[in-house]
Amino acid sequence: MEEAKMGTPLERPVRVYADGIFDLFHSGHARALMQAKNLFPNTYLIVGVCSDELTHNLKGFTVMNEAERYDAVQHCRYVDEVVRNAPWTLTPEFLEEHRIDFVAHDDIPYSSAGSDDVYKHIKEAGMFAPTQRTEGISTSDIITRIVRDYDVYARRNLQRGYTAKELNVSFINEKKYNLQERVDKVKKKVKDVEEKSKEFVQKVEEKSIDLIQKWEEKSREFIGNFLEMFGPEGALKHMLKEGKGRMLQAISPRQSPSSSPSRERSPSPSFRWPFSTKTSPPPSPGRRSRFSASAAAYDISEDEED
């Protein structure tokens, strides 16, 4: 073991053997083989896979058949060689035939085939290299999940086109699963409608808040403009005051300046009717003719304008 850990020549790798059933090949299997491959700097990993007949007799029924299990292990990147129809208990003849230096497996005693630990003689010979199990994942765990959620997987495969006969499902259970599937679809549609309704209500609320804010801003602007125009000190009041002043100034008579020179008037000629041969008598000193009064008024207005 110490010599192997220190390293061996390239032409003489350390030959490590790991065996198992490898049903439903999963990450726990891959991690165990990775540990076996990395036990030594220069390792050639041989993996033995037991046949269906041997496994069914000594351990139980498998999900995958032996051909599928052989193929799954062969495609693991850490595996250099696959031994098909591997023995349940390793004999000296088998170890010599495959020139095995060490056997890799987890350190938990594996009781089977009337033995408390099928690797006991390997451990006593100093050929056992322990690996660690991956917690939370195993073939038994995967099968337990499927059995526990059997109805879910049965419905799933029915929806994918498998027949009730292929799934070993009775006629009554088939109808029950189909009904459950329809109910679940209705529930999903209702849930989708509820979510869309919530989204719609949320959008309406957001838009309402936005509209209210815009309305408040416009209202403040409108009230400010209104007060600026019609308020106590608004522009309208100043406009009215200014207009009133202008109107009073326009209708008030302007006095003539006292220093304005007076204009002498020429005496109005006396009016005569045409074709009249008689001369009209001179007006009496106390009375004026209408025409003379009009002329006098005209002359007065001219004087005021001057």
Student: Backbone N or O of E166 within a donor-acceptor pair of the T163 side chain at under 3.5 Å?
Tutor: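 Yes; at least one donor-acceptor contact below 3.5 Å.
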Student: Supply the atom-to-atom distance N42 CG to T8 OG1, rounded to the nearest 0.5 angstrom.
Tutor: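 Taking CG in N42 and OG1 in T8, the distance rounds to 4.0 Å.
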Student: Is the backbone of L45 close enough, under 3.5 Å, to the side chain of D80 for a donor and an acceptor to pair up by distance?
Tutor: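 Yes, the answer is positive, given that a donor and an acceptor are paired below the 3.5 Å cut-off.
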Student: For Y44, check ring pair (Phe, Tyr, Trp, His ring centres under 6.0 Å) against everything at least two apart and list the hits.
Tutor: none
Student: Which word best sums up how the rings of F25 and F22 line up, parallel for under 30°, tilted for 30 to 60°, or perpendicular for over 60°?
Tutor: tilted
Student: Main chain of C50, side chain of R69: is a donor-acceptor contact present, judged purely on distance under 3.5 Å?
Tutor: yes
Student: So, D52 and T55: side-chain donor and acceptor under 3.5 Å apart, yes or no?
Tutor: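 Side chains of D52 and T55: no pair found under 3.5 Å.
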Student: Examine distances only and state if a side-chain atom of H121 and a backbone atom of L90 form a donor-acceptor pair shorter than 3.5 Å.
Tutor: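 Answer holds: yes.
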Student: Return the orientation label for the H105 and Y110 ring planes: parallel under 30°, perpendicular over 60°, tilted otherwise.
Tutor: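 Ring orientation of H105 relative to Y110: perpendicular.
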Student: Kindly confirm or rule out a cation-pi arrangement of K123 over F128, judged by NZ or CZ under 6.0 Å from the six-membered ring centre and within 45° of its axis?
Tutor: yes
Student: Is it true that the side chains of Y119 and D19 contain a donor and an acceptor less than 3.5 Å apart?
Tutor: yes
Student: Assess the side chains of S51 and N85: does a donor N or O sit below 3.5 Å from an acceptor N or O?
Tutor: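 Side-chain D/A pair, S51 to N85: present.
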Student: List the residues meeting ring pair (Phe, Tyr, Trp, His ring centres under 6.0 Å) with Y150, not counting sequence neighbours, and say none if there are none.
Tutor: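 In terms of ring pair (Phe, Tyr, Trp, His ring centres under 6.0 Å), with neighbours along the sequence ignored, Y150 is linked to no residue.
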Student: So which pairs with a foot in residues 183-202 pass side chain to side chain donor-acceptor pair (under 3.5 Å), sequence neighbours left out?
Tutor: R155-D184
Student: Is a donor on one side and an acceptor on the other found under 3.5 Å between the side chain of R15 and the backbone of R99?
Tutor: yes
Student: Taking N57 for its side chain and E53 for its backbone only, find out whether a donor-acceptor pair lies under 3.5 Å.
Tutor: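 A pair under 3.5 Å: yes.
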Student: Please report the interatomic distance CD(Q132) to CG(D107), rounded to the nearest 0.5 Å.
Tutor: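 Between atom CD of Q132 and atom CG of D107 there are 8.0 Å.
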Student: Take atom CZ of R12 as the centre, draw a 6.0 Å sphere, and report whether it contains more than 12 heavy atoms from other residues, nucleotides or ligands.
Tutor: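 Result for CZ/R12: enclosed.
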Student: Check for a donor-acceptor pair, side chain of T131 on one end and backbone N or O of A36 on the other, with a separation under 3.5 Å.
Tutor: no
Student: Are the side chain of T144 and the backbone of S140 linked by a donor-acceptor contact shorter than 3.5 Å?
Tutor: yes
